[in-house]
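To keep things clear, I will list the structure first and then write my remarks on it.
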Amino acid sequence: MTLPPPPFGSAGEHQLQQQLGTADRAARFYDQQVRPHLTPEMRDFIGRQAMVFLATADSHGECDASFRAGPPGFVHVIDDHTLAYPEFRGNGVLASAGNMIENPHLGMLFVDFTHHHVGLHVNGVAHLYRDWDLRSIHPGLPTDIAPGRSPEMWVYLTIEEAYIHCSKYIPHLEPAPRPAGRDAARPKDSDYFTRPRTTHWPSIP
């Protein structure tokens with residue numbers, strides 16, 4: 001008798017699980033940890049986070065990793081199956097959003113480096129909305145997320161799976177204020193990797 005495929009995970013990961021003998025362990029993880037929606041605890045966790053890492057790919061499967069940050073709750077949980085976050089004016093490249101146009105699958109990783117040292121993966125299908133269009137559907141979206149800035153668009157995610165990221169190797173980081181005068185002196189770091197360095201490292205004997 002042929003067993004049905006596991007409800008979560010890709011064909012590639014199931015193939016490797018069979019080859020490496022981890023299928024039973026993976027099945028327990030899928031059963032105990034992976035959910036097709038957000039639990040109340042996951043919703044609360046997202047509401048406390050001030051940053052998220054993004055994974056997207058274009059229609060050819062070429063990948064891009066990015067990062068978004070804002071005040072806690074800038075990623076807004078609409079309900080157990082949906083969330084949304086704002087996209088503000090940036091460098092104009094729109095790499096992540098452009099990938100979503102070609103391939104709407106989006107991976108999000110929230111990591112708490114300072115208190116609980118745990119992560120949360122949220123994967124699903126993304127759609128892009130203009131601010132006024134999404135507010136007409138969901139008038140409860142937060143306002144004044146970033147003072148003086150308005151979202152150019154929102155990323156609206158229909159959640160397919162959510163699961164914990166083990167805390168074992170998540171480092172502990174201490175929040176610190178930005179150095180005084182940094183933003184005024186250099187509003188953008190676009191030339192960080194190309195401008196000459198002033199630091200002199202000691203020579204190795």
Side-chain angles (χ1 to χ4, degrees), residues 1-70 74-85 87 93-129 154-173:
M1 183 178 70
T2 302
L3 295 176
F8 298 107
S10 68
E13 65 189 73
H14 299 318
Q15 179 181 341
L16 284 177
Q17 291 160 12
Q18 292 295 330
Q19 292 176 0
L20 299 178
T22 67
D24 290 342
R25 183 152 42 104
R28 288 193 297 272
F29 178 82
Y30 295 141
D31 181 61
Q32 298 171 11
Q33 301 291 348
V34 186
R35 297 292 177 264
H37 57 79
L38 299 177
T39 66
E41 294 78 12
M42 291 173 178
R43 294 180 61 157
D44 290 344
F45 181 81
I46 292 172
R48 297 193 301 269
Q49 302 313 303
M51 61 181 174
V52 63
F53 300 94
L54 305 177
T56 61
D58 65 16
S59 58
H60 301 290
E62 296 185 4
C63 301
D64 184 75
S66 195
F67 169 83
R68 297 292 183 274
F74 81 101
V75 177
H76 178 65
V77 177
I78 295 174
D79 57 42
D80 292 352
H81 295 273
T82 15
L83 55 77
Y85 69 87
E87 288 279 14
V93 175
L94 301 171
S96 298
N99 282 346
M100 293 176 212
I101 293 292
E102 298 185 38
N103 175 358
H105 294 283
L106 171 64
M108 306 178 75
L109 174 60
F110 300 87
V111 185
D112 179 346
F113 292 101
T114 59
H115 295 91
H116 302 289
H117 307 103
V118 70
L120 175 66
H121 295 259
V122 180
N123 301 325
V125 177
H127 292 86
L128 304 179
Y129 284 89
W154 287 79
V155 176
Y156 177 91
L157 185 75
T158 300
I159 295 165
E160 294 183 329
E161 59 182 20
Y163 56 94
I164 193 171
H165 186 97
C166 178
S167 63
K168 186 174 182 181
Y169 297 111
I170 294 177
H172 177 74
L173 304 180

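Without hydrogens or angle criteria, Glu102 side chain to Ser59 main chain gives a donor-acceptor distance under 3.5 Å. The backbone N or O of Arg25 sits nowhere less than 3.5 Å from a side-chain atom of Thr22 that would complete a donor-acceptor pair. Under the 3.5 Å distance criterion, the side-chain polar atoms of His115 are left unmatched by any main-chain donor or acceptor of Phe113.
Residues Tyr163 and His121 place their aromatic rings such that the two centres sit under 6.0 Å apart. Aromatic rings from His14 and Tyr30 are positioned such that their centres are separated by under 6.0 Å.
Of the inter-residue distances, the one linking Leu54 atom CG with Leu109 atom CG reads 9.5 Å to the nearest 0.5 angstrom. A distance of 11.0 Å separates CG in Asn103 from CD1 in Ile101, rounded to the nearest 0.5 Å. Note that CG of Leu16 is 8.0 Å distant from OG of Ser10, once rounded to the nearest 0.5 Å. Here the CD-CG distance, from Glu13 to Leu20, works out to 12.5 Å after rounding to the nearest 0.5 Å. Taken to the nearest 0.5 Å, the CG atom of Leu157 stands 8.5 Å off from the CE atom of Met100. Distance check, rounded to the nearest 0.5 Å: OG1 of Thr158 to NE2 of His127 gives 6.5 Å.
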From CA spacing to verdict: side chain to side chain contact (heavy atoms under 4.5 Å, CB included), Met42, Leu120: CA-CA 8 Å; Met42 291 173 178; Leu120 175 66; 3.9 Å; yes
Candidate pair Phe110 and Ile46, rule side chain to side chain contact (heavy atoms under 4.5 Å, CB included), full reasoning: CA-CA 7 Å; Phe110 300 87; Ile46 292 172; 4.0 Å; yes
Show your working on side chain to side chain contact (heavy atoms under 4.5 Å, CB included) between His105 and Glu160 and close with a plain yes or no. CA-CA 10 Å; His105 294 283; Glu160 294 183 329; 4.2 Å; yes
Could you go through Phe45 and Asp112, starting from their C-alpha distance and side-chain angles, then the distance that decides it, and tell me whether this counts as side chain to side chain contact (heavy atoms under 4.5 Å, CB included)? CA-CA 9 Å; Phe45 181 81; Asp112 179 346; 3.8 Å; yes
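Proximity of Thr56 to Cys63: side-chain heavy atoms (C-beta onward) are nowhere separated by under 4.5 Å. Taking 4.5 Å as the limit, every side-chain heavy atom of Val111 sits out of range of all side-chain heavy atoms of His165.
Between Arg68 and Tyr85 the shortest heavy-atom distance is CG-CE1, 4.1 Å. For Leu128 against Ala97, the heavy-atom pair with the smallest separation is CD1-O, 3.8 Å. Here the closest non-hydrogen pair linking Ala162 and Leu38 is CB-CD2, 4.0 Å.
Shown are Asp79, Leu83, Val77, Ile78; of these, the side chain to side chain contact (heavy atoms under 4.5 Å, CB included) with His81 is made only by Asp79. Leu106 pairs in a side chain to side chain contact (heavy atoms under 4.5 Å, CB included) with only one of the listed residues (Asn99, Val155, Val125), which is Val155.
Glu161 and Asn123 share a donor-acceptor pair across their side chains, judged by distance under 3.5 Å alone.
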